[in-house]
Number of protein chains: 2
Amino acid sequence: MGKHHLRSVDPPATPESHPAPGSAGAPEAAGGNAPVRSSATSKLDRPSRAKEEERQRSRRPTGRDVAHAAGVSQTAVSFVLTGVHPEKISEQTRKRVLEAATRLGYRPNRLARSLRTRRTSAIGLLSSTMETVVAQAISGLQEAAWESGYHVILCNTHQSATLERQALDFLADLQVDGLVVVSTSTPSDNQALAAWTQGPLVLINRTLGPEDAPFPRVITDYREGARLAVEHLLAQGCQRVAFAGMDLEGLGRSEAVRQRWEGYRQAVQQAGYSVDMRLVYFAPRERTGVGWREGVEAVEKFRSLPPEQQPDGVYAINDFVAAGVIGALLQAGIRVPQDVSVVGNDNTSVASHHYPQISSVDQRWQEAGRMALRKLLYLLSHAYESLPADGAPPSGEEPSLVEVVRPQLVVRQSSLRRVEVNAPGAGTS
Amino acid sequence: MGKHHLRSVDPPATPESHPAPGSAGAPEAAGGNAPVRSSATSKLDRPSRAKEEERQRSRRPTGRDVAHAAGVSQTAVSFVLTGVHPEKISEQTRKRVLEAATRLGYRPNRLARSLRTRRTSAIGLLSSTMETVVAQAISGLQEAAWESGYHVILCNTHQSATLERQALDFLADLQVDGLVVVSTSTPSDNQALAAWTQGPLVLINRTLGPEDAPFPRVITDYREGARLAVEHLLAQGCQRVAFAGMDLEGLGRSEAVRQRWEGYRQAVQQAGYSVDMRLVYFAPRERTGVGWREGVEAVEKFRSLPPEQQPDGVYAINDFVAAGVIGALLQAGIRVPQDVSVVGNDNTSVASHHYPQISSVDQRWQEAGRMALRKLLYLLSHAYESLPADGAPPSGEEPSLVEVVRPQLVVRQSSLRRVEVNAPGAGTS
DNA sequence: TTGTAGGCGTTATCAA
DNA sequence: TTGATAACGCCTACAA
């Protein structure tokens with residue numbers, strides 16, 4: 001039995017194109033299937049016949065089929081469908097082509113097109129993890145890509161440099177038109193990445209390249225987020241806003257952690273207060289993350305102060321910490337938000353599923369994904385024109401090299417005091 | 001001053017060679033693609049020269065280059081590199097091809113290959129949302145695909161049937177080899193999906209197709225997960241295990257919710273108890289989700305019982321509810337886990353970031369993704385040979401049509417009593 | 001304005 | 001065993 005290699009992708013009934021006329025064509029068909037075709041003509045026959053048959057059977061009509069059906073040439077079909085040179089096509093042929101194409105249900109073969117034009121409409125996405133924020137960025141990127149006719153090829157490197165290198169090779173083989181790299185911190189282990197030559201490269205929250213010629217990137221702004229949170233608390237009438245966070249040396253000296261601290265400090269000082277370190281809790285640097293527990297510890301620290309010095313507002317560097325803070329406060333009989341208002345960060349599902357619901361800073365990773373794609377498309381379309389040889393290269397409004405996503409504060413119950421509470425001095429615990 | 005930003009696609013190399021000659025992709029690159037080439041030789045010249053030049057400059061060497069360098073034919077190169085017909089290649093040519101290939105850094109052009117073989121190594125992934133569990137499934141799928149040399153093209157349909165249809169068209173255009181659809185509930189709006197003909201289709205947590213001939217799928221097992229949780233609580237010595245969940249008509253009659261309730265009921269009954277509806281809390285069906293608040297409400301209900309009838313263990317249908325339950329218990333001065341043990345579901349980051357950490361059932365969505373890919377690969381290789389026409393179709397060990405992922409209980413502080421507590425009657429609140 | 005023809009890089013067929 | 005040679009489906013100078 002000719003049970004050799006499987007029938008590849010083809011769906012049912014596809015007698016081989018040109019089976020050696022003696023070898024009983026279709027390999028799978030048990031009995032029958034007599035060599036009805038050809039019989040006499042054998043190989044001397046012009047290929048036209050076999051071709052035609054074959055084409056008939058192939059489910060997807062080709063451009064040639066359309067041309068044939070419309071009574072025009074392939075060129076006309078191509079011109080009409082790609083929309084280039086619209087002036088070189090008469091309205092009549094245009095109509096006929098369109099009609100034939102829709103009638104046959106023609107869809108151009110992207111593989112062939114890509115082979116010819118050297119552009120796939122694929123962009124590679126390299127992510128080091130799949131944590132929530134990254135998933136959000138991926139979602140935004142994919143959505144934006146989709147809207148522009150691009151598709152996204154996802155590669156997760158699990159923080160491994162080896163995997164990253166392999167993924168890059170892989171994506172290069174796929175001939176993606178561009179690449180986006182997203183990571184939560186900024187490891188900047190630039191080794192393999194910097195060698196990317198397959199097209200434009202946009203980074204999300206990661207730096208790469210020499211100081212004077214860095215790669216274009218999109219970054220989320222944790223500093224601004226923290227400022228938003230603190231300013232909101234102050235606007236709500238809080239006068240002693242505390243910080244519940246992480247030691248700056250912890251978590252691999254995470255940039256995002258440091259930025260939140262700076263934002264807090266700036267906002268407090270800008271409002272005319274000085275930073276009171278008794279209102280600041282840093283989790284020990286050994287901790288591998290901060291959550292509920294650290295929130296509780298923060299409250300313990302704050303509660304050890306004399307009552308009049310205790311905070312009336314808390315900014316927590318993430319929603320888990322905020323939940324811990326709230327839990328500990330409530331347990332101590334302190335009301336939230338009336339006595340102490342609390343704001344978290346990241347706007348995770350914890351914030352909305354908690355009770356009371358937690359106000360939180362949304363870093364808008366999804367928007368970061370969208371922006372990254374926009375930037376990539378811009379680079380894609382301007383890649384080949386502006387060699388500095390020829391004076392002012394592109395037109396104006398070139399997007400800046402590094403784009404910042406503005407965070408947004410989502411106000412919920414945990415920080416929303418009644419309106420009259422705005423009077424100063426109201427809710428000291 | 002040429003604004004830096006672009007690192008155009010071409011790596012710095014490409015010395016000399018006037019930039020224009022044909023290649024350089026980007027056909028739409030505005031402006032003049034002047035006929036620089038011609039110069040002296042004009043068009044009469046045999047193309048060989050131009051070709052050679054062009055090839056030289058082309059970054060990626062082709063199979064022809066390798067053949068040329070090795071002094072063999074393209075056929076030999078193809079055979080050697082694809083590994084087929086190993087017997088038809090002499091050891092010597094084999095070596096020379098390999099040597100030349102590595103020396104030139106040859107990488108086959110997947111586009112050309114796909115065009116010819118009609119197989120991309122791409123599989124499409126249709127997801128209706130990007131919530132955490134889906135992201136996990138995607139991660140697992142992508143990882144497994146990667147290990148098998150496949151890549152994943154992600155399409156997010158945002159629950160929209162229209163988008164889903166478009167995405168399917170898109171993926172069909174891309175000629176993906178197969179398709180995986182992942183959703184959290186089972187909407188089974190099969191309209192467009194059932195018409196998929198581009199290759200095998202595997203569903204994750206979704207049913208499709210006629211009852212008697214459903215599509216292959218992978219499902220997570222919430223019933224089993226609930227059983228695990230309850231059995232664990234019983235084994236810890238709990239005698240009155242409560243259920244904190246959602247009205248079965250709520251959330252669009254979510255299958256996953258109903259399964260958890262059934263698992264709870266089965267486990268309780270199987271242990272010889274009868275289900276006490278006073279120990280069961282169903283959130284009102286109008287709620288759009290369950291979280292902390294519903295956990296608190298559950299505890300309120302339970303606390304209204306006479307002390308000896310109150311639960312000593314609670315299974316909550318997700319981690320948010322569990323957190324709410326724990327919070328309310330602690331606030332009431334009830335110890336967790338000593339007085340009441342609590343188990344959540346989904347093993348989200350809430351469970352591990354909470355304090356005390358929450359025991360939770362992991363539904364292993366990541367594994368579901370992996371399994372889906374395995375199943376798809378199986379179908380890919382067995383798709384077209386076993387039409388039941390010919391008796392016992394394939395060989396044995398065909399995977400079952402629907403595969404179930406076994407959940408796993410992750411035990412943490414919220415349910416881990418001291419060993420001696422195992423004695424019955426210990427921790428009634 | 002339309003048609004003809006050559007090539008993108010592979011794989012696969014068929015003589016030599 | 002190896003080497004021409006023809007597709008795969010599309011794009012696009014160039015000639016008609």
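In what follows, every heavy atom counts, from backbone to side chain, and hydrogens, waters and symmetry copies are set aside. Residue numbering restarts at 1 for every chain, and letters A, B, ... go by the order of the sequence lines.
- Between B:Asp65 atom CG and C:dC8 atom P the separation is 11 Å, expressed in whole Å.
- The salt bridge (charged side-chain N to carboxylate O under 4.0 Å, His left out) pairs that include a residue from residues 141-151 of chain B are B:Glu143-B:Arg370, B:Glu147-B:Arg370, where partners are two or more places apart or lie in different chains.
- Scanning for salt bridge (Lys or Arg N to Asp or Glu O under 4.0 Å) contacts around B:Arg103 gives B:Glu99, with sequence neighbours left out.
- In this structure, the CZ atom of A:Arg113 is 19 Å from the C1' atom of C:dG9, given to the nearest Å.
- Residue contacts for A:Val77: at a heavy-atom cut-off of 4.0 Å it reaches no nucleic acid atom on any strand shown.
- Of the candidate nucleotides C:dT11, D:dC8, D:dT2, D:dC8 has the atom nearest to the side chain of B:Leu115.
- Distance CZ (B:Arg119) to C1' (D:dC8): 16 Å, rounded to an integer number of Å.
- In this structure, the side chain of A:Ser114 engages the main chain of A:Arg119 through a donor-acceptor pair within 3.5 Å.
- Distances shorter than 4.0 Å separate some side-chain N or O of A:Arg118 from OP1 or OP2 on C:dG9.
- Scanning for side chain to side chain contact (heavy atoms under 4.5 Å, CB included) contacts around B:Thr102 gives an empty result, with sequence neighbours left out.
- Across the protein-nucleic acid pair, B:His68 atom NE2 and D:dA4 atom P stand 11 Å apart, rounded to whole Å.
- Backbone-only engagement by A:Thr82 is indicated by non-hydrogen atom pairs under 4.0 Å involving sugar-phosphate atoms exclusively.
- Of the candidate nucleotides D:dC10, C:dT10, C:dA12, D:dC10 has the atom nearest to the side chain of A:Asn109.
- Scanning for side chain to side chain contact (heavy atoms under 4.5 Å, CB included) contacts around B:Asn109 gives A:Leu115, A:Gln175, B:Leu111, B:Ala112, with sequence neighbours left out.
- Residue A:Ile89 is in sugar-phosphate contact alone, with no base atom involved, counting any heavy-atom pair closer than 4.0 Å across all strands shown.
- In this structure, the side chain to side chain contact (heavy atoms under 4.5 Å, CB included) partners of B:Arg110, at least two apart in sequence or on a different chain, are A:Phe170, A:Asp173, A:Leu174, B:Ser121, B:His151.
- Residue-level contact check: A:Arg116 touches the bases, meaning some heavy atom is under 4.0 Å from a base atom.
- Mapping B:Thr75 and B:Ala112 onto DNA chain D by nearest heavy atom places B:Thr75 closer to the 5' end of the strand.
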Distance-only donor-acceptor hits, side chain of residues 84-91 of chain A, under 3.5 Å, sequence neighbours excluded:
| residue | atom | partner | partner atom | Å |
| --- | --- | --- | --- | --- |
| A:Ser90 | OG | A:Thr93 | N | 3.2 |
| A:Ser90 | OG | A:Thr93 | OG1 | 2.7 |

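- Applying the side chain to side chain contact (heavy atoms under 4.5 Å, CB included) test to A:Ala172 and every residue at least two apart in sequence or in another chain returns A:Trp196, A:Gln198.
- For the atom pair A:Leu98 CG and A:Leu81 CG, the distance stands at 6.5 Å (nearest 0.5 Å).
- Summary of the strand contacts: B:Phe79 and B:Arg107 both lie near DNA chain C, and taking for each the nucleotide with the nearest heavy atom, the more 5' one is attributed to B:Arg107.
- In this structure, B:Tyr106 places its OH atom 10 Å from P of C:dG9, rounding to the nearest Å.
- Rounded to an integer number of Å, the gap from NZ of A:Lys88 to P of C:dG3 is 14 Å.
- In this structure, the CG atom of A:Leu111 is 15 Å from the C1' atom of D:dA7, given to the nearest Å.
- Whole-Å rounding puts the A:His85 NE2 to C:dG3 P distance at 16 Å.
- Under a cut-off of 6.0 angstrom, the local environment of CZ in B:Arg374 is crowded, with over 12 non-hydrogen atoms contributed by other residues, nucleotides or ligands.
- Near DNA chain C, meaning a heavy atom under 4.0 Å away, there are no residues from residues 90-104 of chain B.
- Between its opening and closing five pairs, the helix from C:dT1-D:dA16 to C:dA16-D:dT1 changes axis direction by 50°, a value rounded to 10 degrees.
- Between B:Ser73 and D:dG3 there is a side-chain polar atom (N or O) within less than 4.0 angstrom of OP1 or OP2.
- If you check every strand for non-hydrogen atoms under 4.0 Å, A:Gln74 touches a base.
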